[in-house]
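Just below is one structure, and these are the notes that go with it.
Computed over heavy atoms, backbone and side chain alike; hydrogens, waters and symmetry mates excluded. Letters A, B, ... are given to chains in the order of the sequence lines, protein chains preceding strands, and every chain is numbered from 1.
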Amino acid sequence: MLLIDVARVSEEVSRTSSRLGKIGHLAELLGRVRSEEAELAIAYLYGELPQRQIGVGWRSLQDLPAPRQIATMTLTRVNDLFDEIKRQGGAGSQAARKALVGELFGGLTQQEQAFLIRLLSGELRQGALEGAMIEAVAKASGAPSAEVRRALTLRGWLPAVGAAALAGGVEALRGFHVEVGRPVAPMLAQSAPSMAAALAKVGEPAALEWKIDGIRVQAHRAGETVAAFTRTLDDITAQVPELVEAVRALPYDDLILDGEVIALRADGRPEPFQVTASRVASRVDVAKMRAKTPLSVFFFDALRVAGRDLLDLTDTERHDALRAAVPDNLLIPRLTTGDVPEAEAFFAEVVRRGHEGVVVKSPKTPYAAGRRGAGWIKVKPRHTLDLVVLAVEWGHGRREGRLSNLHLGARAPETGGFVMLGKTFKGLTDELLAWQTERFLALADGPTDGWTVKVRPEQVVEVAFDAVQTSSRYPGGMALRFARVLRYREDKRAEEADTVETVRSLMF
DNA sequence: TTCCGACAGTGGGGTCGCAAT
DNA sequence: ATTGCGACCCCACTATCGGAA
């Protein structure tokens, strides 16, 4: 199959607003792809590469050769070039990589180039990704989408599942099973603004668990072999020897457990997320890092114990199996209750201990792998500040032509100025986007680089955030984590905004 | 007919490792 | 030695479609 066929379908999908329409276009292409190229077609059409990454990002996609008129590039040839690009390494590799990227793009038409740029920069922006592709595979293969989802849960790579479905239908999908050593897409949590809201969503009684601010890890053990995978299924076994040792010491040798690794201080309180992230990301001298910043591991779910798959069991049943396999000191603290005051006391205690919040779990739900199911609801405390908008950036995509991303500043009374604490684009409705575009154009002040519009510091905005963290990027040495807009404060003047000192007092 | 679950999009700060400067 | 880039860790929130109620 030619790349142009895929690029054309992608464009068609972009133009179609109906979700069923998008699925139809995708399925139509899957219906005519040769089986050897099915995996490639599926991957490219939902924004993935079989290579996962090839070391080419937005910067490497500048200054591309002129397009050709005639489309001749096949999917197989694209894949071969991706392989070659990925293999480049060592001194001079950037030049070699650039040459290969040039060779690839020099063989493409305008439309194909545009498609590959979007694919490689991770922004397909066609309104259809994995969810739509699952349905398209189901439609093209004649298999129920639930079967496709199930196989995907167990295999973790949709192109492989899709190719199997297209070749062998439901029968082939049923051939996928849990394999120790191959990660399962982890279940994710929705969020709620309060414990009461979370309990109401779940329906009481619920299991409450500490939410600790570390790195999600899925641990596998087959015999004496242990492996650890992140949320995106990357193998980080080498970076977490503490986990490997802990799992190897368990009394079962055929296991898949779900948990979190985190760096704790000597007094048991959590280190800031940055410390845990630094430790887990370090690959060069793990032993040295470990001596300085040891990791603790805590488990909260079990997908397989003693060779028995637990995915379809209820939360309660899985937790019983977990407790049988893991000693108490490796378990995330948990309380089952339907009582709101009791739940709120639990929440307050978790926060008092310095942890991130609570996950409220429905006792009856199975492990909804890869989904943000209603079975898990996270609740976190929320801080707010009244800050001043210092500048605004033009938006992309559906926000094109709107001023979108706000630069936020706290008041610095001693200088009479403002200190930037970060940016946010979250929490804005279309109505608010329209309003702020007009408002900030009216406040525009000074030269613009065509991207960022500086404004007179007069507009106060109430911002919610999770924490203040140390920052080497911003002048105050601190930045907001997960900042989002709550509302504009038309009743407040900039001189009444929160100060840098107030923000500093919120750091831990 | 209305409601709500699932998805996709729009970007945020921080960290590491590597190659180029 | 420093800087830029790619990849990946954490992520919140809104709009939209279409099936559920």
Open item on the list: Both Gly395(A) and Ala95(A) contact DNA chain B. Which one's nearest nucleotide lies toward the 5' end?
Closed with: Gly395(A)

- [ ] Using heavy atoms to find the nearest nucleotide of DNA chain B for Phe273(A) and Gly92(A) separately, return the residue whose nucleotide is more 5′.
- [x] Phe273(A)

TODO: Using the side-chain hydrogen bond (donor to acceptor under 3.5 Å, both in side chains) rule, pick out the option among His25(A), Lys22(A), Glu11(A) that qualifies with Thr16(A).
DONE: His25(A)

TODO: Apply the side-chain hydrogen bond (donor to acceptor under 3.5 Å, both in side chains) test between Asp213(A) and each candidate in His355(A), Arg481(A), Lys380(A); give the one that qualifies.
DONE: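 One option only clears the test, and that one is Arg481(A).
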
Does a side-chain heavy-atom distance below 4.5 Å link [X] with [Y]?
X         : Y         : result
Pro50(A)  : Leu40(A)  : yes
Val297(A) : Leu295(A) : no
Leu243(A) : Val226(A) : yes
Arg353(A) : Pro333(A) : no
Leu120(A) : Ile54(A)  : yes
Asp83(A)  : Arg87(A)  : yes

Open item on the list: For Trp157(A) and Glu39(A), which I'm curious about, is there any donor-acceptor pair between the side chains at under 3.5 Å?
Closed with: yes

- [ ] Would you check if there is a donor-acceptor pair between the side chains of Thr502(A) and Thr499(A) at a distance under 3.5 Å?
- [x]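 There is such a pair between these side chains.
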
Touch class at under 4.0 angstrom, heavy-atom based, for [X] against every strand present:
X         : answer
Thr424(A) : nothing
Arg402(A) : nothing
Lys201(A) : nothing
Lys378(A) : sugar-phosphate
Lys211(A) : sugar-phosphate
Ser404(A) : sugar-phosphate
Asp234(A) : sugar-phosphate
Ala91(A)  : sugar-phosphate
Gln190(A) : sugar-phosphate

TODO: Step through it carefully: locate the ring centre of His407(A), locate the ring centre of Trp451(A), and say whether they are under 6.0 Å apart.
DONE: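 No, the ring centres sit 6.0 Å or more apart.
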
Open item on the list: Quick check on the 6.0 Å ring-centre criterion: do Tyr488(A) and Trp435(A) meet it?
Closed with: yes

Does a side-chain N-to-carboxylate-O contact under 4.0 Å join [X] and [Y]?
X         : Y         : result
Arg265(A) : Glu271(A) : no
Arg149(A) : Glu135(A) : yes
Arg279(A) : Glu242(A) : yes
Glu501(A) : Arg504(A) : yes

Task: Trp58(A) side chain near dG6(C) phosphate (N/O to OP1/OP2, under 4.0 Å) - done: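 Answer is yes, contact under 4.0 Å.
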
- [ ] Please determine if a side-chain N or O atom of Thr230(A) lies less than 4.0 Å away from the OP1 or OP2 oxygen of dC9(C).
- [x] yes

Task: Residues which pass salt bridge (Lys or Arg N to Asp or Glu O under 4.0 Å) with Glu438(A), listed by chain and number, not counting sequence neighbours - done: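 Glu438(A) satisfies salt bridge (Lys or Arg N to Asp or Glu O under 4.0 Å) with no other residue.
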
TODO: Output all residues satisfying salt bridge (Lys or Arg N to Asp or Glu O under 4.0 Å) with Asp235(A), sequence neighbours left out; order by chain, then residue number.
DONE: none

- [ ] Please work out which residues in residues 123-137 of chain A have a non-hydrogen atom less than 4.0 Å from an atom of DNA chain B and list them by number.
- [x] Arg125(A), Gln126(A), Gly127(A), Ala128(A), Leu129(A), Glu130(A), Gly131(A), Ala132(A)

Open item on the list: Among residues 283-291 of chain A, which ones have heavy-atom contacts with DNA chain B below 4.0 Å?
Closed with: Arg283(A), Val284(A)

Task: With sequence neighbours excluded, residues passing side chain to side chain donor-acceptor pair (under 3.5 Å) with Glu462(A) - done: Arg487(A)

Open item on the list: If the condition is side chain to side chain donor-acceptor pair (under 3.5 Å), which residues does Lys211(A) pass it with, not counting sequence neighbours?
Closed with: Glu356(A)

Interatomic distance, [X] [atom1] vs [N] [atom2] [rounded to whole Å]:
X         : N       : atom1 : atom2 : result
Asp235(A) : dA7(C)  : CG    : P     : 18 Å
Asn405(A) : dA12(C) : CG    : P     : 17 Å
Glu356(A) : dC9(C)  : CD    : C1'   : 13 Å

Open item on the list: At a heavy-atom distance below 4.0 Å, what parts of residues 468-482 of chain A sit against DNA chain C?
Closed with: Arg481(A), Phe482(A)

TODO: Please list, by residue number, the residues of residues 44-56 of chain A whose heavy atoms come closer than 4.0 Å to an atom of DNA chain C; answer none if no residue qualifies.
DONE: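 Gln53(A), Ile54(A), Gly55(A), Val56(A) - these, ordered by number, are the residues of the stretch whose heavy atoms sit under 4.0 Å from the strand.
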
Task: chain A footprint on DNA chain B, 5' to 3' - any atom under 4.0 Å from a heavy atom - done: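 It runs dA6(B) to dA20(B).
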
TODO: Give the B/S/- string for nucleotides 14-21 of chain C, one per nucleotide from 5' to 3', where a protein heavy atom under 4.0 Å of the base yields B, of only the sugar-phosphate yields S, and otherwise -.
DONE: SSSSSS--

Open item on the list: Considering only residues two or more places apart or on different chains, which pairs with a residue in residues 386-399 of chain A satisfy salt bridge (Lys or Arg N to Asp or Glu O under 4.0 Å)?
Closed with: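 Residue pairs passing salt bridge (Lys or Arg N to Asp or Glu O under 4.0 Å), neighbours aside: Asp386(A)-Arg489(A), Asp386(A)-Lys492(A), Glu393(A)-Lys423(A), Arg398(A)-Asp430(A).
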
Task: Inter-end axis angle, the helix from dA8(B)-dT14(C) to dT21(B)-dA1(C), with every axis fitted to five base pairs (rounded, 10 degrees) - done: 20°

Task: Flag if over 12 foreign heavy atoms under 6.0 Å of NZ, Lys454(A) - done: no

